[in-house]
Amino acid sequence: MDGNLWDLAVETYNHVVTAELRINELVQERLSLGDPLWRFLSVYMEPGLLFNLVIPLCGIYSQALLTRLLFAVGLASTLNSFVKWILPEQRPLWLLREIYASNVRSPSPGVALESHPLSCETTAGMPCAHSMAFTVFTLTIWMFLYAHSRQRWLAGKVVHGLIFSMWLSRLYLATEFLHQCVLGTFIGIQAMDALDQKNDYLWSRRRRWAVTGVFLLGGLAAAVYFVKLSLEIDPHWSVREAFKWCPDPSYMRHEASPIFFLVRDLGILMGIALASPLSNLDTKNASLWRRCIVLAILELFNFGMRWATPKQNGRFAFLAYELFRNAVHSLLLLKNLPRLR
Ligand SMILES: O=P(O)(O)OC[C@H]1O[C@@H](O)[C@H](O)[C@@H](O)[C@@H]1O
């Protein structure tokens, strides 16, 4: 009975994702006019660039906004990386190529999807990181501006439109199924709700408490790795899938593996933890020109550190450096930036 239920669940899942491939195909066929916009959203609004460029730029408007964004998007991105790490799910192009290569499923879906360098992601699909981080990013800004805006309904519509465009971008590039985008947004909203309810508690945590929390998360990530190995589950399954199905391996990047993103996100959280308690942070704004200059210097420094990333000295040095760089970057943004003003 249990076996039958499981088989039924697997069969239903396969039907749903195979049907969803048509949605990717439809978006590619009908919305190709928006190609530059879909590429722009996936390349310039991806979580990494939000942390390294877009969120610091928001600091020109307000240090309080920058603090909230870094906290909310940092936690959402970490949650996303953990879900991908613990329960990886396939991506549309992997499924499609698997179906055609193995020829086990009939009837064949009769779908053709275009792929290119932007389609070659090496992390798992579920939940869509772009949709999740972008939802938290836009909603945090919207909530921050809400009090000052006269046209609230218009701002709300713009936010919905932007999030929907991000879904279309991921569907168009065939990197995500529709359910992965929708669930990315849904989980992002739920996470924001939970953070909102525990806001006072989290923002008043002492540094020691917060740093211990980040170490525990690091321990959890390592534990998942070893548990998977002992169960003979490949922890790098998504990377292998990407290598198997990407048309050209040179499209894939060192710094796009699930472990890299976990380390990046834990580095950001470590910077936030070192700056805790967040409720004590100075969020007053200096004059506009001073904010621009200080932020420009800080981001040039961060850019230099990214440029100097040691990529040829082995995986451990690479990951340790990324952890350190992200921790320093978010610590400087939160704690030292207001002092430099
Ligand atoms: O899940 P998505 O939207 O396909 O994104 C894959 C990866 O894309 C990268 O650009 C992000 O920095 C990562 O955080 C993310 O995991």
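Every value quoted in this text rests on a predicted model; they were computed, and no experiment measured them. Residue indices begin at 1 and follow the sequence shown. Ligands are counted one by one from 1 in listed order, and the atoms in each one are counted from 1 as well.
- Sulfur-sulfur distance for Cys246 and Cys120: below 2.5 Å, consistent with a disulfide.
- Checked by distance only, ligand 1 and Thr175 stay at 3.5 Å or farther apart across all their nitrogen or oxygen atoms.
- Ligand 1 has an N or O atom lying under 3.5 Å from an N or O atom of Arg91, backbone or side chain.
- Contact atoms of ligand 1 toward Arg170: 2 (P), 3 (O), 4 (O), 5 (O) (distance under 4.0 Å to a heavy atom of the residue).
- For ligand 1, the polar-atom distance check finds no N/O of Ser77 at less than 3.5 Å from any of the ligand's N/O atoms.
- Val136 approaches Met192 most closely through the heavy-atom pair CA-SD, 3.8 Å.
- Aromatic ring orientation, Phe324 versus Tyr321: tilted (interplanar angle from 30° to 60°).
- In this structure, the protein non-hydrogen atom closest to atom 10 (O) of ligand 1 is Glu46 OE1, 2.5 Å.
- Side-chain rings of Trp85 and Phe261 stay apart, their centers remaining 6.0 Å or farther from each other.
- In terms of N/O distances under 3.5 Å, ligand 1 is not approached by Ser131.
- Taking all heavy atoms of Ser257, Ala129, Ala124, Cys181 into account, the minimum distance to atom 15 (C) of ligand 1 is reached by Ala129.
- Around atom 1 (O) of ligand 1, the closest heavy atom drawn from Met166, Met45, Lys84 belongs to Lys84.
- Every atom of ligand 1 is numbered from 1 in the order shown, and the set under 4.0 Å from a heavy atom of Gly48 is 12 (O).
- Of the protein's heavy atoms, His130 ND1, 2.6 Å lies nearest to atom 3 (O) of ligand 1.
- An N or O contact shorter than 3.5 Å is missing between Cys128 and ligand 1 by distance.
- Residues Trp94 and Val239 do not share a hydrophobic cluster, clusters being chains of Ile/Leu/Val/Met/Phe/Trp/Tyr side chains in contact below 4.5 Å.
- Distances from atom 2 (P) of ligand 1 to the heavy atoms of Glu121, Glu176, Met132 put Glu176 nearest.
- One distance of note links CG of Asn326 with CD1 of Ile268; it measures 4.5 Å at 0.5 Å rounding.
- With hydrogens and angles left out, the side-chain atoms of Arg91 and Thr123 include a donor and acceptor closer than 3.5 Å.
- Considering all non-hydrogen atoms of both residues, Pro258 and Ser238 come closest at CG-OG, 3.5 Å.
- Heavy atoms of Met126 stay at 4.0 angstrom or farther from ligand 1.
- Less than 4.0 angstrom separates some heavy atom of Arg264 from each of these atoms of ligand 1: 11 (C), 12 (O), 13 (C), 14 (O).
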